[in-house]
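See below for the structure under consideration.
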Amino acid sequence: MTNQRYRSVDVVVVGAGLAGLSCAHVLSGRGVDVLVCEARDRVGGRTDSVVVLGETIDLGGQFIGPGQDRVYALAEELGVPVFPTHTVGVHLAEDVAGRIRRFRGRVPRLGGLSLLDFAQAEARFERLARTVDVEAPWRSRQVDRLDGQSLEVWIRRTLRTAGGRRLFSTAARLLWACEPAELSLLHALFYARAAGSLRTAMATEDGAQQDMLDGGAHALAVRLADRLGDRVRLRVPVRRITYGGDGVVVAVESGETFRAARVVVAVPPTLAGRIVYDPPLPAARDGLTQRLAMGATIKCMVVYPEPFWRAAGLSGYALSLQGPLAAVADSSSPSGRRGVLVSVLEGATARRLGGRPAAERRSVVLDQLTQLFGPAAARPVAYIERDWSAEPYTGGAYAALFPPGAWTRYGPALRAPVGPIHWAGSETATRWYGYIDGAIRSGEAAATAVTGT
């Protein structure tokens, strides 16, 4: 990538995450002169990685699973190997009293009545999700009822035991990186429907966390950018988009301007709303961007000399109802040279601990890992974290959240072009919303909308 100064192109893509890069990759392959403007000093959006002691550590999105056809296809095209997430061994579950129990399979042993309560709620949730129109959630049956309440209200009304509510709320924080009160029931149902089912979204084996990418998911973005070469510009935040019948003028922070027939804005809706548009965007689109906050996550990666838990017959997977970490998983590479445990602080916990010193967060994380896995967990060779809410050109993770009422009032504006302005990003995907695969699909869909083919 060079500092070549572009003045006129066919299409400008705003954002060099996997949505923007996938869009540009398709457009370039169709002979379209495309330019990608990225505000950061790197590509990848909500994927990123670092190399620690010879191991590639994913600091953002990393897991993929069955049904995510586009990410598997892109990995094969780019020569990025796929390998299964390690799940061999016994899993751990920590209840609200701090007692640790061992289990196999998908469901932890956290009390019979609570598990039955959770199971019936999960079945009801799955039935409701099947009623959602994944292409247009605002046209779903009983949409006013589904979008008029938060997920928290539904949990309180549906589950009968405190343990069942605690387990379902924990699953919600893991999936959406927020508190259940922060998103509408309709959005939770749509998300599950876009992933195939709630069970698919939560599962490792035969689910959304089944596999990882050797060399990190960020390698997909790096290799796409390498193919695009100097058509990708870094450190060029887009500040203004002027548009009309004759195309667009995209102005970046440095003062450069790029003229194009069309522009694809491939960043989260809240960031898209910070760009100045001339003329202003329609009220529905502007209202949408004002309401869609991002989830709150601090991803914590802990590196050990070896995956010591495997020798003890443990899988590395743990679920905790006590917290602050709700779940832990084995994120070691296929080489097995080092052991890596991945966990995420999410929602209110991430917001609370995000304002604390990094050393304090490290201590909190290691204390819990030690409680779960024993004294060896207190002696890592490296601890790396990424607070995605503190990233100015991300604003949070995993994805944007629709609070009650947002889908029904503003949903139609999510993907609708505004003149020559098109939208991409995993939030615009109708399959695998919020996932790497959804980002890729959205970029490819935007490229097709731009070219009409």
Side-chain angles (χ1 to χ4, degrees), residues 93-96 107-108 110-111 114-129 131-132 137 140 142-195 197-203 208 270 291-298 319-327 343-354 388-389 396-408 411 427 433-435:
E94 183 180 25
D95 65 18
V96 292
V107 182
L110 292 171
S114 296
L115 290 182
L116 286 173
D117 196 22
F118 178 89
Q120 67 84 22
E122 182 185 25
R124 290 187 64 180
F125 187 97
E126 298 283 28
R127 287 196 297 272
L128 280 175
T131 72
V132 172
S140 302
Q142 302 182 2
V143 67
D144 290 337
R145 180 174 70 87
L146 300 180
D147 204 31
Q149 63 181 301
S150 70
L151 179 61
E152 180 184 49
V153 168
W154 183 85
I155 290 172
R156 288 205 313 265
R157 290 174 175 173
T158 304
L159 288 104
R160 298 179 180 277
T161 66
R165 294 189 193 105
R166 185 73 171 257
L167 188 56
F168 209 103
S169 296
T170 297
R173 294 184 186 97
L174 284 169
L175 284 174
W176 296 293
C178 69
E179 300 307 303
E182 296 179 72
L183 76 164
S184 79
L185 173 60
L186 177 62
H187 182 67
L189 296 169
F190 158 77
Y191 180 99
R193 181 71 165 155
S197 68
L198 180 64
R199 179 167 295 192
T200 298
M202 293 191 298
T270 185
R291 284 159 176 80
L292 301 192
M294 299 289 284
T297 61
I298 304 174
L319 178 72
S320 174
L321 297 185
Q322 187 181 60
L325 299 173
S343 58
V344 180
L345 299 164
E346 67 279 298
T349 300
R351 289 190 288 267
R352 174 172 56 84
L353 292 177
W388 285 95
S389 297
Y398 315 113
L401 307 169
F402 278 72
W407 268 119
T408 48
E427 284 79 12
Y433 176 106
Y435 288 82

Legend entry - Residues that Glu346 engages under side-chain hydrogen bond (donor to acceptor under 3.5 Å, both in side chains), provided they are two or more places apart: none
Inset, instruction - Heavy atoms only: give me the nearest Ala350-Leu345 pair and the separation to one decimal. - result: CB-O, 3.4 Å
Inset, instruction - Calculate, to the nearest 0.5 Å, the distance between atoms CD and CG belonging to Gln142 and Leu128 respectively. - result: 7.5 Å
Inset, instruction - Go through the structure and list residues passing side chain to side chain contact (heavy atoms under 4.5 Å, CB included) with Arg351, not counting sequence neighbours. - result: Glu179, Glu182, Ala296, Ala348
Inset, instruction - In plain terms, say whether Arg199 and Glu126 are close enough for a salt bridge, that is, a side-chain N and a carboxylate O under 4.0 Å apart. - result: no
Inset, instruction - Give the minimum heavy-atom separation between Leu115 and Leu167, together with the two atoms involved. - result: CD2-CD2, 3.9 Å
Legend entry - Closest contact, heavy atoms only, Val153 versus Gln149: CG1-OE1, 3.7 Å
Inset, instruction - Output all residues satisfying side chain to side chain contact (heavy atoms under 4.5 Å, CB included) with Ala194, sequence neighbours left out; order by chain, then residue number. - result: Val134, Phe190, Tyr433
Inset, instruction - Enter the distance from Leu183:CG to Leu175:CG here, rounded to the nearest 0.5 Å. - result: 10.0 Å
Inset, instruction - Could you pull out all residues at least two apart from Arg291 that satisfy side-chain hydrogen bond (donor to acceptor under 3.5 Å, both in side chains)? - result: Tyr410
Inset, instruction - Kindly compute the distance separating CG (Leu189) from CG (Leu198), expressed to the nearest 0.5 Å. - result: 9.0 Å
Inset, instruction - Could you pull out all residues at least two apart from Ser184 that satisfy side-chain hydrogen bond (donor to acceptor under 3.5 Å, both in side chains)? - result: Asp147
Inset, instruction - With side chain to side chain contact (heavy atoms under 4.5 Å, CB included) as the test, would you mind laying out the steps for Val96 and Gln322 before giving the verdict? - result: CA-CA 5 Å; Val96 292; Gln322 187 181 60; 5.7 Å; no
Legend entry - Side chain Gln120, main chain Thr158, donor-acceptor under 3.5 Å: yes
Inset, instruction - Establish, yes or no, whether a centroid distance under 6.0 Å links the rings of Trp154 and Phe125. - result: yes
Inset, instruction - Output yes when a side-chain donor or acceptor of Thr408 lies under 3.5 Å from a complementary backbone atom of Gly405, and no otherwise. - result: yes
Legend entry - Distance in Å, Leu292 CG paired with Thr270 OG1, rounded so as to fall on 0.5 Å steps: 8.0 Å
Inset, instruction - Could you tell me the separation between the OG atom of Ser150 and the CG atom of Leu186, rounded to the nearest 0.5 Å? - result: 12.5 Å
Legend entry - Reported CZ-to-OG distance for the pair Arg160 and Ser114, which is rounded to 0.5 angstrom: 14.0 Å
Legend entry - Residues which pass ring-ring contact (aromatic ring centres under 6.0 Å, His included) with Trp176, listed by chain and number, not counting sequence neighbours: Tyr191
Legend entry - Smallest separation among heavy atoms of Ala400 and Met294, with atom names: N-SD, 3.6 Å
